[in-house]
Asks: 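Dropping the structure in here first, questions after.
Counting starts at 1 for both ligands and their atoms, in listed order. Here the structure is a predicted model, which means the values were calculated and not measured.
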Amino acid sequence: MAKDDRVFVGVDLGATKIMAAAYDAKMRPISTEKMKTPREANAKKVVGALSEAVRLCLEAAGPGLALGGVGVAVPGPLDRAKGIVRYTPNMGFKDYNLGQELENLFGAPAYLDNDVQAGAYGELRAGVLRGKTNAVAVFLGTGIGGGIVIDGKLFRGSSGSAGEVGHMIIHEGGSLCGCGNYGCLEALASRTAMAKDAVALAASGKAPGMLDAAGTDIRKYRSSAFEASLGAGDKYIKKAVDRAAFWLGVGLANIVHILNPEAIVLGGGVVSRFGEKFRDKAVESMNDHLMPGLAGTAEILLSELGDLAVPTGAAFFAAEGVGA
Ligand SMILES: [Zn+2]
């Protein structure tokens, strides 16, 4: 196999969907594949779907190409060096040697990584953070995660978990977070946080558009339901979304104070739906909370890669892991 005939596949292994993307030896995107994650918490079935996504992606990439390496981004603690997934919520992995299994399946090196750090790395290598030296990526969805770039490199921290910006406590005594603390950024600015407010508004008759779009089942409060509700003129829902942007701005101010980055990229489902307006509200709040002299030091950018940020980063980890 010639060196240039290699393909690197990066996979975002999420609890609801699996997203794979293939890149050529020069790391240009060639093909993508998306599928639903099996609903049962069964690691074997999840690995089956994951390897199917890699295969389909390779097939779509075209004939005469061989897999040079696969990178998989996982939402949970792992041992990167050994390729072991310690635990994942909802997918049934427990001390699972996914790296070895994928190497056996594909006959190519496999690399595991944390999903949010892979997303930050994708933005750094091929997205809106290209060429930046000090930067932060903040991904907003059902939760909030982050990745930190220092001196042009991903900063992982001493045990690999740097960048948990969603769990900085910014309003002690505020809303309860999934982690058990009160007032984390995630409990105030994630889609889950907005959904908690929105379901209360719908139940009390203050958000008829939302009630029509999603009822009162919080699991249906996806970004599309928010869009429908805002489109129907639900002003209290707008207030709830603006409030999330306000708290995000407080979080961004904290990040700027601590790290003095040149840029912060916002990504994830919430941002791809609410876009610039949401960003602008957050920037307004950030500026209100920054020390004098720091306003304007960090550019607040929107992700260019969208849901390809994570697979892109995972593919780069794989390519660099094998020395491409
Ligand atoms: Zn928390």
Side-chain angles (χ1 to χ4, degrees), residues 12-16 41 73-78 85-91 93-94 113-120 135-149 154-200 218-219 221-223 226 240-259 261 264-274 278-279 281-282 285-286 289 300 303 309-310:
D12 180 4
L13 181 60
T16 53
V74 182
L78 42 95
V85 181
R86 290 291 172 216
Y87 166 78
T88 53
N90 309 319
M91 285 188 276
F93 289 102
K94 195 163 184 312
D113 225 290
N114 167 277
D115 58 347
V116 186
Q117 290 182 358
V136 177
V138 178
F139 295 97
L140 296 96
T142 52
I144 296 181
I148 299 169
V149 174
L154 197 61
F155 175 75
R156 293 188 182 276
S158 57
S159 69
S161 66
E164 287 282 8
V165 295
H167 299 288
M168 76 178 131
I169 297 169
I170 57 174
H171 184 215
E172 170 51 29
S175 302
L176 179 62
C177 183
C179 75
N181 285 323
Y182 287 87
C184 293
L185 178 61
E186 178 169 307
L188 295 159
S190 64
R191 194 181 65 224
T192 311
M194 292 181 221
K196 273 201 238 168
D197 284 352
V199 83
I218 198 162
R219 284 169 300 187
Y221 278 58
R222 308 200 57 82
S223 301
F226 276 91
V241 173
D242 285 351
R243 190 174 149 79
F246 168 86
W247 284 117
L248 174 62
V250 176
L252 295 178
N254 284 328
I255 292 171
V256 171
H257 285 150
I258 296 168
L259 293 169
I264 299 176
V265 55
L266 305 178
V270 169
V271 171
S272 61
R273 286 283 176 167
F274 299 139
F278 190 76
R279 185 259 311 265
K281 280 268 168 206
S285 160
M286 175 186 78
H289 291 91
I300 310 301
S303 165
V310 176

Asks: Determine whether more than 12 heavy atoms belonging to other residues, nucleotides or ligands lie under 6.0 Å from atom CZ of R243.
Replies: no
Asks: Look only at the side chain of T192 and the backbone of T142, and say whether a donor-acceptor pair between them is shorter than 3.5 Å.
Replies: yes
Asks: Parallel under 30°, tilted from 30 to 60°, perpendicular over 60°: which one fits the rings of Y221 and F226?
Replies: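 Ring orientation of Y221 relative to F226: perpendicular.
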Asks: Listing by chain and number, what protein N/O/S atoms are under 2.8 Å from the Zn ion (ligand 1)?
Replies: H167 ND1, C177 SG, C179 SG, C184 SG
Asks: Within a radius of less than 6.0 Å around CZ of R156, do more than 12 heavy atoms belonging to other residues, nucleotides or ligands occur?
Replies: yes
Asks: What distance separates L252 CG from I300 CD1, expressed to the nearest 0.5 Å?
Replies: 5.0 Å
Asks: Quick check: does any side chain N or O of S190 sit under 3.5 Å from a backbone N or O of G143, one acting as donor and the other as acceptor?
Replies: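 No, the answer is negative, given that no donor and acceptor are paired below the 3.5 Å cut-off.
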